[in-house]
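Below is one structure, written out as structure tokens; comments come after it.
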Amino acid sequence: MKIKLFVLVTICVSSLSQAKDVVSPDGKYAVRAEETITLVDVNSGQTLLVLSKSTAEATRVEVAWAPDSRKVAMVEGWPRGSAVFAAWTDTPEQTLLDQATSSPRPDVWHKTLQADADEKAIIHQAEQEFGGRLVSENRVLAGWLSPDAVRVKGEMHFSSGKRCAYQYTLHFLTNAVGHLDKGGYEEGVIVGRDHKLL
Amino acid sequence: MKTRIVAIAISLLAFSACDDEEHADQLGGGPGSSDASNIVAEDGFCGPQGGAQALGTPSYNSSSSAKLDLDGNPAAQGLDPDWHAGTTGTLNGQPVNSAKYAYVVMSPGQMAANNVSLGDWATVTNNSTGQTVYGRVEDIGPEGGTGEISQATAGAVGIQQAVVQTKDGPSTVTLGSPTVTVNVYAGTASIQGDCSSQVVSSS
């Protein structure tokens, strides 16, 4: 399948003096990085979700919208670690008939994050292979493979001094029943699969 | 990989006394220590005003092997292959010195999932001895990481540290296989320190 990357923007947080918007392909929504990272409605300016509550110490924020504008993946990076967040809408897309016969329905957005447990096996495998414990890692979004899957690449650094690159596919399981964690994220909706050391 | 211990030292030092006035404007830097036998938790973070009751129920809990984070200790450069001059958290704009301040490390995912912010209070318990100390979340580590604590935290709960020689150079590690339980209290970063409650329990 041809990999088509519609929107992939990296924001250097340290250089942010004003809000940086990464707008969805359909132009309706944007991920806005300032002191927090939010999902906003472009037309109304209304904040729909707070995706990350602080960028104060982050070194990098990367945003990749899915081609259909109904999902967005995001990596926030710090000097020794990273986190993968995402948001999606499950509001059915309106047909022309819907639009003609009823008032527009607002899309309902949800947020999720990739649980650390997702990476446990590949970290363990890499620690066995390269020695020592994982002391730092970072990840980047490497393009949408389909409307429901995005490639993630990363690098791990071990206490042995060795490093290794790895990759996996992040799948959106938007029909799954997520577990709402204390941060308000519906865990279990994005899942990493097909991990591979490179 | 053959590891040769070139220095073994014990730090069983509890926090020394300090007062709220010092805590209010404490600096995160300081000289630190390159001698694993001389890790002294000086001002530390003491304990939270109001004690354990002020913290409520922990939002995050883990029990795992203890690992040392030497970041922020300027004297530790060269004693850890992954040493960083800075910590993610800062005190008055300076790194949080691992040798002086009791802190714990969390991954970004753990923090987000549990609504934890830098500066939130934590307790660390040595599972073998029951010794417990207060600290704060002051560094962000890799995904999946648990049990990573500052040198001062380790010393305060009786975990011994040693500098060992590896083929990649010196590395500072815990002695034996200590395990710790870390509890983190979300939304407590604004609670000031009170040094009369610096150690939760000493045995």
Chain B heavy atoms under 4.5 Å from A:F85: which part of the residue, side chain, backbone, both or neither?
side chain
Given a strict heavy-atom distance threshold of 4.5 Å, which part of A:L134 is in contact with chain B: side chain, backbone, both, or neither?
both
So which of A:K53, A:K120, A:E119 has the biggest tally of heavy-atom pairs under 4.5 Å with chain B?
A:K53
In terms of heavy-atom pairs under 4.5 Å with chain A, the winner among B:G144, B:A112, B:G109 is B:A112
Is it the side chain or the backbone of A:S82 that comes within 4.5 Å of chain B heavy atoms, both, or neither?
backbone
Please give me the minimum heavy-atom distance between A:R80 and B:I140, naming the atom from each residue.
CB-O, 3.4 Å
Using non-hydrogen atoms and a 4.5 Å limit, figure out which bit of B:S59 sits close to chain A: side chain, backbone, both or neither.
both
On a heavy-atom basis, the closest approach of A:E187 and B:A113 is OE2-CB, 3.3 Å
Who wins among A:E57, A:H157, A:E137 for the most heavy-atom pairs under 4.5 Å with chain B?
A:E137
Chain B contact via A:S159 - which portion, at a heavy-atom distance below 4.5 Å:
backbone
Comparing B:D139, B:V116, B:N115 against chain A, the one with the most heavy-atom pairs below 4.5 Å turns out to be B:N115
Is there side-chain contact between B:E143 and A:R139, with heavy atoms separated by less than 4.5 Å?
yes
Candidate list B:D82, B:D69, B:D80, test side-chain contact (heavy atoms from CB on, under 4.5 Å), partner A:V135, passing option
B:D82
Minimal heavy-atom distance between A:W78 and B:P108, with the atoms involved, is CZ3-CB, 3.3 Å
Applying a strict 4.5 Å limit to non-hydrogen atoms, the region of B:D71 in contact with chain A is side chain
Answer whether the closest heavy-atom distance between the side chains of A:M156 and B:P142 falls below 4.5 Å.
no
At what distance, to the nearest 0.5 angstrom, does CG of A:L113 lie from CE of B:M111?
12.5 Å
